[in-house]
Structure formats: C-alpha cells, structure tokens
Amino acid sequence: MFAMRSRLFTAVLSLSACGPEVAPLAELSELCGQEAPVKLLELEEHQYFWSTETARAGNERIVLTVHDYDPSGDGWFHTGGTLWSVGSCGEEPRVLATGATLLPWPEHVLGDAGGLVLACMVGSGDIVVLDPTGREEATTLFEGTQCDPRWTEHGAIELRQHGEANTLVLYPLPDDLRAGAFEPRMLVESVRLGFLQWAVRADEVFVVTSDDALLRVGLPQGGATVEQTGVRVFSATNEWIVWQEISPGFYDNVFLRDRATGEDRFLGETNLILDPNGPFPGGPFVDEHDVLVIGFGPGSGSFQRVFFLPTLDHVDLPEGEVLRWHVEGDQWVTQKAGGQSFIRSLRSEQRVSFFDRRAQIFSAEGGAHAYGGALCCGFSTFQETGPMWFVPYEGSSRKLAERVSMFHVRAADHRITTVLDLDDEHRGNLFAIAPERLVEQLVDRRVFAPSVRLFDDDSILYGVLDGDRSGIWRTRVAPN
C-alpha cells in the first residue's frame, strides 16, 4: 500500500510538471514506516497555516494553527485560528481550541513543558494550558491578558491598554498550573508604550510614565522607585542604564548610569530611537561582551559608536557600516548597508573583507549564510529570489543555491529547501537544493509558501492548497 501511495504521489507531481522544463524529483526518505511524504491533516482548499504557528509537543505530537482564508476580511493574515493536535505521523487528530494563538512555552519559568502547550484565546485574552493528547482538560492560567506576556520567575508582566493609558500589571505565577487563574496585580498606572520605553529584568521592571519619569519596579512586591525624570527613552541591564533626556529638539543628551554608584556619564547628543544598530532590536547593550552601541548623526550620515564598558573607551565605525555579531575575542562581523561585510578587530580597528557581494548575512555555525534576495516587504518581494552562499570564517565562500526565496529553511548540512515560482495566492513549488550540485529537485507543488518549517530531525512540514491534496504534509529529503 505504501509503495502504491508513493507511485501515485510521484505521478501527480510528474503530470503537473509537464511543460518545456521538468525539474527532477527529489529522492525522499522513509518516514513513519512508509515512503514520504505523509499527510498529517486534511484541509479544505481555503484553509492554511503558517510555520511560525506550530509547535512540537514532546516527541509524539505536533500542534498546528489552521486559519480560514477570508478574501473580504484580513485575507491570509489572521490573529487566532483553530489549534489542532496530531501525532507526528498524523495519528489521532483533535481540535484543542478555536479562536486561539499559540504562545512560546517559557521553559526558564515554567520548567519543562512535559508535552503541554500554551495558548491565548484571542477574544477573551485568557492564557490557557492545553494538553495535546486530550487526556487533560484545558486550564486557564491568566484571564484578560493582551496575549503578549513577558515572563519572569514571579509571573507574567503585561501592559494593559485602556485607550491612551496603559497599566503595568503582574499576573502572579501559581504553584500549580492546574490551580486556576489568579487576579492580576496592578503595579504602575499611566505607562508609555513604545520602543525603549519599558523593559523586564529578572526581579524588576523599568517603565517610562506618561509624565516622563523612569521608574524601577521591584518584583514581586511592586514597589516603584523614581530613577530619573525627564526621560524620553532608555535601555537597562543589571549594571547599567542608558537614558535619553527630553528636550525641545529631536536630538537629546544621552547618559550612561552606573547602577552601583548612581553616577551618570555623558555619551553625546543623539536619538536612541533612530539608532541604526540593526542586529540589536532589544536595545543598544550587548551584555555578554560589555559593549554599548549607539548611532550618531541624521539620515545617511549616521555612524555607530561602539563603547567598551566600563571604561567608555570607544571606536567609531565608518559611515554606513554597522556591527552585526561577535565572532571571537575582539573580532566582530560588520556590514555596510545591504552590501560588503567585514571581520573587524574593534580595538585595533583592523578589518579584512568577509563577503564582498551585496547580500543579507546571518550568523551560522562556523561562518555565515549570505542571501542575495529580499526578505521584506510586500507581495513583489514574496516572489523575488536570489542566490545563497555559505561564508566560512576561514576559507572561501561556497554557493548553496542559485535561486532561493524568502520562504526557505536551511539544514545543518547547508541543504536548502525553498518555495519558488509563487503565484498570487502565495503558492509555489517546493524544491530541495543540495549544495554539491546546485540542482533544484522538486519535493511538492502548490505549497503555501509561509507554511514551510524544518524540524530537528531534518523532516519538513508544509501545507498544500490543491483540491483533494490540500492538507498539512511532512516529508524528509534523502541525504546525498
């Protein structure tokens, strides 16, 4: 029966591939005791799922969020859907919740998930604990949240929005996840909501109030201390606070405060919100390397100044060049805007070329992946493709694929799986590309591009929107 299913699947792909050029079919490995692919869940052709809304629940179950396409409403972009749980080979599909969105399991707070998953009910804001096996009833952990908790060992922190006002609340963590919901504790009223205007640390929260005061709130008791008045934005670590004062102009004085002594040191005049420090979206500190990165200068004249803590010795990067990530010792990867990248020794200011093509680079084991296509935004970039390379720290770069779209996954052996030739419904052909030959090998057709996900066992999850074949599939490409 399995061989018949495999031959039928191959025939479907081959027939649909008729045309001037027919891509070779990828060789697939055995999966679930049969030849891949394996259909995990039936879908209607108007249903779809996103790879970012899936979770492994232990080794045996997969949780998926299924949406209904609504051309008259939000189209492909929904908040909340139907949560399905299926076995890793499609066994025992069951609905866990409707109108829900998956949340990451905060293992550092709640411990090992033990096969459980966390979700938020979009209509009510209730955060619930779900058992994908169906043996346990759903349990409400917190009620009435914004579905965006920041976790500490004391519970979940959220800003509750009420019109133009925001309230900082703590949802205390129960000793028993099955004990039921706890009432939130109000910590601070009239909080500003925006980038670099609130931050959660292990035992404290920093916020800027509507009257421009920077408060430090201790957890779990909730006592608030005024750190500074007249603050526009800030960023904080366990040892330092960098804060920007409010002035009539757009650029303000920026100071660094030593939290142990309370001493402020002047860093310069700039605007932290416009800091062009792309790889550090959480703020300008790079904690583990005692580095503070701040941008100076308006528009295209911006440059980054890298401060070394605690001395505040600093080096200015050339205009348009930004710090990307740490390699080792004093060596960092830097990059010009969308272009050439370097390995730079910050203190000696020596640099060597790392990759000289126009590409977006991402840190990888032993080097970087460089992608020559677009990653954002709009439908035209969904369809755009570009080459991909692996760039080792030592040795020459190696091309991994001639064509890669923004919808791709990369295995540990650098094999690329990507969706190409997208139509106006975000469907395309799923190809596997082995770096040794750069040949595009067809895995499946009419694949919903944002659905592709790579699991740790190198199996691939994806959705097909194609009549009777519509559904969620899992496959594994055979190794070379």
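Heavy-atom basis, side chains included; hydrogens, waters and symmetry copies ignored.
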Arg257/Glu227 ion pair, N-O < 4.0 Å = yes
Would you check if the distance from the ring center of Tyr393 to the ring center of Phe354 is below 6.0 Å?
-> yes
Would you call Arg415 and Asp458 a salt bridge, using N to O less than 4.0 angstrom?
-> no
To the nearest 0.5 angstrom, please state how far the CG atom of Leu317 sits from the CG atom of Leu323.
-> 6.0 Å
Taking the side chain as every heavy atom from C-beta outward, state whether Phe234 and Leu272 have any pair of such atoms under 4.5 Å apart.
-> no
Decide if the gap between the ring center of Phe307 and the ring center of His314 is smaller than 6.0 angstrom.
-> yes
Is the backbone N or O of Gly295 less than 3.5 Å from a side-chain atom of Thr270, with the two atoms forming a donor-acceptor pair by type?
-> yes
Charged N-O contact under 4.0 Å between Glu384 and Arg403 | no
Electrostatic pair Arg56-Asp456, nearest N-O below 4.0 angstrom = no
NZ/NE/NH1/NH2 to OD/OE distance under 4.0 Å, Asp203 and Arg216 | no
Ring-face cation contact, Phe308 with Arg347, 6.0 Å cut, 45° max = yes
Contacts of Ala55 meeting side-chain contact (heavy atoms from CB on, under 4.5 Å) (sequence neighbours excluded), chain-then-number -> Leu102
Can the ring centres of Phe407 and His426 be said to be less than 6.0 Å apart?
-> no
Glu158 and Arg150 ion-paired at < 4.0 Å = no
Are Asp148 and Arg160 within salt-bridge range, i.e. N to O under 4.0 Å?
-> no
So does Arg351 pair up with Glu321, basic N to acidic O under 4.0 Å?
-> yes
